[in-house]
Amino acid sequence: MSETRRKLTTIFCADVQDYTRLMGADEEGTLASLKRCRESMGRLIESHGGRVVNTWGDGLIADFPSVVEAVRAAVDTQNELAGFNARRPADGRMLFRIGINLGDVIVEGDDIYGDGVNIAARLQTSAAAGGIVISSTVYDQVRNKVAVGFEFLGPLMVKNVDEGVPSYAVKIGDTRDETPSAERSGSARPQPVMAAAKAETTPAPGGRRLYGVLGVIAAALIGINLLSWQGVFWARFPVLALAVVAALAWNRDQARFNRKITLLAILALGLAGINLSTWTGQFWAIWPILGIAAVMGLRWSMRR
């Protein structure tokens, strides 16, 4: 029987966009193109120290001992396949989506299994045609070591994983209309990688707008309160509520801290704010805050 063990590795998952449509249009030609693309991909994976673990249908899984080399292999793959597709008609291009994750996996013989693989597969389905999406665990290792840019996509929900997985798109060429999503089905031709692109993250425009709107509302309430002053600063309560809403929105989009623990911290700060806003000489919020702190400590200590 094959030995079963665990290891930390970088999982590289690739899949063809619109494979069913391509097969329906030209079955033999599509299979020939798939074989050629896989051969190129396998060669590049091996040249970067990786290993092709498995292939099925139009998919491929590989693993790498180096996170940096896995991302470089993905970038080289998309560059080489872009050249291959440039000579093909627009409706016959074979565009791969690639997802990369660094995680703990179960090794059984030559195969790998587990959440680490599932996350890589989910990232792959969220990539644009001809694009690459990586998890935050990969981003943390490569952001200053690979000459490409990155765009933060927010958390992706993955089956059997409690929290969303923060993810980043690797910026290859002009990404103005290449925002990866599970629903995207376009077949835009990928552009060459920007060799000197600066590694960066882009705050979500929706989040910036929300903070701006909340700030304007808070300022308007404070202004109304001061202009109609009757000795009571009533605006403190709605302003506190707006601050909590802004903190919750930030927590939804941030990837630096554990979201559940941060949510408890926001709740504790909200209780402290209510206590101070209704001050009667007693800091009653200390007891629920201590309870929240105990829960936060338990969650932190139980993290894998």
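Count residues from 1 along the sequence. Source: prediction; values computed, not measured.
Put simply, CG on L263 and CG on L248 are 6.5 Å apart, with the number rounded to the nearest 0.5 Å. Rounded to the nearest 0.5 angstrom, L102 CG and D140 CG are separated by 9.5 Å. Within the model, atoms CD of E28 and CE of M23 stand 9.5 Å from one another, a figure rounded to the nearest 0.5 Å. Rounding to the nearest 0.5 angstrom, the gap separating the CG atom in N54 from the CD1 atom in I112 is 9.0 Å. The distance from the CD atom of E39 to the CG atom of L34 is 10.0 Å, given to the nearest 0.5 Å. For the atom pair OG1 (T125) and CZ (R97), the distance works out to 6.5 Å, reported to the nearest 0.5 Å.
A single hydrophobic cluster is seen to contain both V245 and I217, as judged by linkage of ILVMFWY side chains at heavy-atom distances under 4.5 Å, directly or through other members. Linking Ile, Leu, Val, Met, Phe, Trp and Tyr whenever their side-chain heavy atoms come within less than 4.5 Å leaves I274 and L267 in two separate clusters. L44 and I98 are members of different hydrophobic clusters when ILVMFWY side chains are connected at heavy-atom separations under 4.5 Å. Both L242 and W234 sit in one connected hydrophobic cluster of ILVMFWY residues. Membership requires side-chain heavy atoms under 4.5 Å apart, directly or through other members. In this structure, V239 is not a member of the same hydrophobic cluster as I266, with clusters built from ILVMFWY side-chain heavy atoms closer than 4.5 Å.
In terms of heavy-atom proximity, P238 sits nearest to L221 at CB-CD1, 3.6 Å. Between G270 and V244 the shortest heavy-atom distance is CA-CG2, 4.4 Å. Among all heavy-atom pairs drawn from L240 and G273, the shortest one is CD2-C, 3.6 Å. Between D15 and G59, the shortest heavy-atom distance links the atoms OD1-CA, 3.9 Å. Taking every heavy atom of both residues into account, G164 and P166 meet most closely at O-CD, 3.3 Å. Taking both residues in full, the closest heavy atoms of L271 and P288 are given as CD1-CB, 3.8 Å, listed atom of the first, atom of the second, then distance.
Taking R72 as the reference, E69 meet the salt bridge (Lys or Arg N to Asp or Glu O under 4.0 Å) condition, with sequence neighbours excluded. Applying the salt bridge (Lys or Arg N to Asp or Glu O under 4.0 Å) rule to E80 yields the partners R43; only residues at least two apart in sequence or on another chain are considered. Partners of F96 by ring pair (Phe, Tyr, Trp, His ring centres under 6.0 Å), not counting sequence neighbours: none found.
Taking 4.5 Å as the limit, some side-chain heavy atom of Q78 sits within range of a side-chain heavy atom of I132. With a 4.5 Å cut-off on side-chain heavy atoms, V53 and D110 do not count as touching. In this structure, L60 and M41 have side chains that are in contact, with non-hydrogen atoms separated by less than 4.5 Å. Residues D76 and H48 have side chains in contact (heavy-atom distance under 4.5 Å, counting atoms from C-beta outward). Put simply, the side chain of R36 reaches to within 4.5 Å of the side chain of F84, judged on heavy atoms. Residues I100 and L123 have side chains not in contact (no heavy-atom distance under 4.5 Å, counting atoms from C-beta outward). Residues V165 and R122 form no side-chain contact, since every pair of their non-hydrogen atoms from C-beta on lies 4.5 Å or further apart.
Under 3.5 Å, the side chains of S33 and R88 contain a donor-acceptor pair of N or O atoms.
Taking the six-membered ring where the residue is Trp, Y168 and F152 present tilted rings, their angle falling between 30° and 60°.
With N85 contributing its side chain and M94 its backbone, the two residues share a donor-acceptor pair below 3.5 Å. Put simply, the side chain of R5 never gets that close to the backbone of V107: no donor and acceptor are under 3.5 Å apart. At least one donor-acceptor pair closer than 3.5 Å links the side chain of D58 to the backbone N or O of V16. At distances below 3.5 Å, at least one donor-acceptor pair connects side-chain atoms of R21 with backbone N or O atoms of D91. Proximity of a side-chain donor or acceptor of T30 to a complementary backbone N or O of L22 within less than 3.5 Å is detected. Looking at Q17, its side chain never comes within 3.5 Å of a backbone N or O of L95 through a donor-acceptor pair. Within the 3.5 Å criterion, the main-chain N or O of V232 finds a donor-acceptor partner in the side chain of N225. Of the possible polar contacts, none joining the D115 side chain to the N118 backbone as a donor-acceptor pair under 3.5 Å is found. Side-chain atoms of S167 never come within 3.5 Å of backbone atoms of I134 as a donor-acceptor pair (strictly under, hydrogens ignored). The backbone N or O of Q282 lies less than 3.5 Å from a partner atom in the side chain of N275, making a donor-acceptor pair.
Counting side-chain heavy-atom gaps under 4.5 Å among Ile, Leu, Val, Met, Phe, Trp and Tyr, the cluster of I286 also holds L276, W279, F283, W287, I289, L290. Grouped with F237 in a hydrophobic cluster is no other residue, since no side-chain heavy-atom contact under 4.5 Å to another Ile, Leu, Val, Met, Phe, Trp or Tyr is found.
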Tell me which donor-acceptor pairs under 3.5 Å the side chains of residues 7-14 have, and how far apart each pair is, sequence neighbours excluded?
{"unit_1": "K7", "atom_1": "NZ", "unit_2": "D63", "atom_2": "OD2", "d": "2.9"}
{"unit_1": "T9", "atom_1": "OG1", "unit_2": "F64", "atom_2": "O", "d": "3.2"}

Verdict with reasoning, L153 to V133, per side-chain contact (heavy atoms from CB on, under 4.5 Å): CA-CA 9 Å; L153 302 178; V133 173; 4.0 Å; yes
side-chain contact (heavy atoms from CB on, under 4.5 Å) between V105 and Y113, worked out: CA-CA 6 Å; V105 299; Y113 307 92; over 6 Å; no
side-chain contact (heavy atoms from CB on, under 4.5 Å) between L31 and K35, worked out: CA-CA 6 Å; L31 288 174; K35 181 179 179 182; over 6 Å; no
Intermediate values then yes/no, side-chain contact (heavy atoms from CB on, under 4.5 Å), V148 and K171: CA-CA 6 Å; V148 293; K171 297 175 70 176; over 6 Å; no
